[in-house]
Peer 1: 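What follows is a single structure, and I will ask about it in a moment.
Computed over heavy atoms, backbone and side chain alike; hydrogens, waters and symmetry mates excluded. It should be emphasised that the depicted structure is a prediction, and the values quoted were computed from it without experimental measurement. To find a chain, count down the sequence lines: A is the first, B the second, and so on, and within it residues start at 1.
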Protein chains: 2
Amino acid sequence: MSTAASPPGRPGRRPSTSQVELENVAFRLFERDGFDATTVDDIAKAAGIGRRTFFRYFDSKNDVVWGAFTGHLEYMRERFAARPAGEPVMESLRAVVVDFNRVDEGETDRHRRRLELILRVPALQAHSTLRYADWRAVVAEFAAHRTGAHPGDLRPQAIAHAALGTALAAYEHWLGDPGSDLCAVLDTAFAELAVGFGEESRCS
Amino acid sequence: MSTAASPPGRPGRRPSTSQVELENVAFRLFERDGFDATTVDDIAKAAGIGRRTFFRYFDSKNDVVWGAFTGHLEYMRERFAARPAGEPVMESLRAVVVDFNRVDEGETDRHRRRLELILRVPALQAHSTLRYADWRAVVAEFAAHRTGAHPGDLRPQAIAHAALGTALAAYEHWLGDPGSDLCAVLDTAFAELAVGFGEESRCS
DNA sequence: TTCCATTTGACACCGGGTGCCATTAACCTC
DNA sequence: GAGGTTAATGGCACCCGGTGTCAAATGGAA
């Protein structure tokens, strides 16, 4: 269980574990003792590795929670690029975000626990900001590209922030309603965002 | 300079310094060596107090940067409550945010350095999230109150996030343009937000 | 077997943050 | 002025997250 099968044929010592494996161990401890009360030493000991080694698998304790969830941003960028050029911005946004949040059937449970930690634990809330910034940057970049503006301009920034807010609100809703489907919630949320926002500003 | 004049007539030893004093000392060091490179020991030593005492004036090193900037949220809440009931949400928002960001003439410089730190130093960006959350909560609460929704609902949340994004974009703009007036920048930014948002969603 | 590549984990160290507690400095009362 | 009370101080030990260094362990290839 702890000896990770690694592609043979490569010189050098084989890793004694893996990110996923460590993630599993850590999540069990987080669930049992809480995130803050679980120390890196605890995780390392439970995984049978040295403390120093832990930090070779994850840059920080916080990063454990995000896990493979990271690195998908490039994928999101591609999805944006793949949308038809004539499509309204908010519609592209909805489609991409919903698609981006689709997870495998078996992963749903872990995804839930993951988001629960991210949204509820203060230390992770703070840390998440940096991730969110990247996420927003991708959205702003897209919005800017579509409207012929710069990503740093007001409108793309506001859109990106609002989109993030919508996504977070949807996550919260999903967490509160165990039976619901995340993608469905996100879909209606972003549809509502597109329809309802700016109601009494421009159109009144 | 280091002996703080405190209201006499109170029993017990008098504080040997003050938050503002510590803030001054800290900001000087931040400016000279950078936020990360400045340790709490450095600040304490420079202020002539013990390290332990520092943490009685500020909960954390991060908190130094926010200083008296904190605790104003209640004031913002009041300002919202004072707006005429018939006023469009986005207009109230603009008025209150602009007013909320008005600082004394002599404080402008410090305010600038403060925001520079908050927006540029990663550690502070992360920490700021928790403050932003409170700020957003006030906005969402107002928006919800006005539209008969709950603060946790989608629309108030999206508005609050978008408002925060707009404010941050305005701050960035202000920092980049030394001659500009923060309130003026914020005013146009929020006016633009009210006018321009949802352009191609509802009205196209 | 020897060489090389890679991972490991021990050790020491730094910096932020906290609990504890004796000490110091003020005021107040007798 | 002595003694009590109140409050701030600062030293100490400690925890935890994170990093630099380096010798040892492990495996493939020559």
Peer 1: Any idea which of D:dG10, D:dG18, C:dT18 is nearest the B:Ile49 side chain?
Peer 2: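 Nearest to the side-chain atoms of B:Ile49, counting from C-beta on, is D:dG10.
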Peer 1: Would you say the base of D:dG20 and the side-chain of A:Arg52 have a donor-acceptor pair closer than 3.5 Å?
Peer 2: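 Check passes, donor-acceptor contact within cut-off.
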Peer 1: On the 0 to 90° scale, with breaks at 30° and 60°, tag the B:Phe80-B:Phe142 ring pair as parallel, tilted or perpendicular.
Peer 2: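 The arrangement is parallel - the two ring planes meet at less than 30°.
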Peer 1: Counting only side-chain nitrogens and oxygens, does A:Thr53 get under 4.0 Å of the OP1 or OP2 atom of C:dG9?
Peer 2: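 True: A:Thr53 side-chain N/O within range (under 4.0 Å) of C:dG9 OP1/OP2.
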Peer 1: With heavy atoms under 4.0 Å as the rule, sort B:Gly50 into base, sugar-phosphate or nothing.
Peer 2: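 Sugar-phosphate, backbone atoms only, no base.
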Peer 1: Look at B:Ser60 and C:dG16 and indicate whether a side-chain polar atom (N or O) is within less than 4.0 Å of OP1 or OP2.
Peer 2: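 No, no such contact exists.
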Peer 1: I want to confirm an ordering. Mapping A:Tyr57 and B:Phe35 to their closest nucleotides on DNA chain C, which one lands closer to the 5' end?
Peer 2: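 Checking each residue's closest nucleotide, the 5'-ward one belongs to A:Tyr57.
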Peer 1: For the residue pair A:Phe100 and A:Tyr75, categorise the inter-ring angle as parallel (less than 30°), tilted (30 to 60°) or perpendicular (more than 60°).
Peer 2: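 Aromatic pair A:Phe100/A:Tyr75 classed parallel.
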Peer 1: Side chain of B:Arg56 only, please: which of D:dG10, C:dG9, C:dG16 is the nearest?
Peer 2: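 Nearest to the side-chain atoms of B:Arg56, counting from C-beta on, is D:dG10.
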Peer 1: Does any N or O donor sit under 3.5 Å from an N or O acceptor when you compare the side chain of A:Arg51 with the base of D:dG17?
Peer 2: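 Check passes, donor-acceptor contact within cut-off.
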Peer 1: Using a cut-off of strictly less than 4.0 Å, decide whether B:Arg13 has a side-chain nitrogen or oxygen near OP1 or OP2 of D:dT9.
Peer 2: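 Checking B:Arg13 against D:dT9: no side-chain N or O falls below 4.0 Å of OP1 or OP2.
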Peer 1: With under 30° as parallel and over 60° as perpendicular, where do the rings of B:Phe30 and B:Phe27 fit, or are they tilted in between?
Peer 2: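 Rings of B:Phe30 and B:Phe27: tilted, 30 to 60°.
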Peer 1: Please compare A:Asp41 and B:Gly48 by the position of their nearest nucleotide in DNA chain D and report the one closer to 5'.
Peer 2: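 Nearer the 5' end of the strand: B:Gly48.
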Peer 1: Report yes if a side-chain nitrogen or oxygen of B:Ser16 is closer than 4.0 Å to either non-bridging phosphate oxygen (OP1 or OP2) of D:dT9; otherwise report no.
Peer 2: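 Checking B:Ser16 against D:dT9: at least one side-chain N or O falls below 4.0 Å of OP1 or OP2.
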Peer 1: Picking from C:dT7, C:dC27, C:dG16, which would you name as closest to the side chain of A:Arg10?
Peer 2: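 Out of C:dT7, C:dC27, C:dG16, the nucleotide with an atom closest to A:Arg10's side chain is C:dT7.
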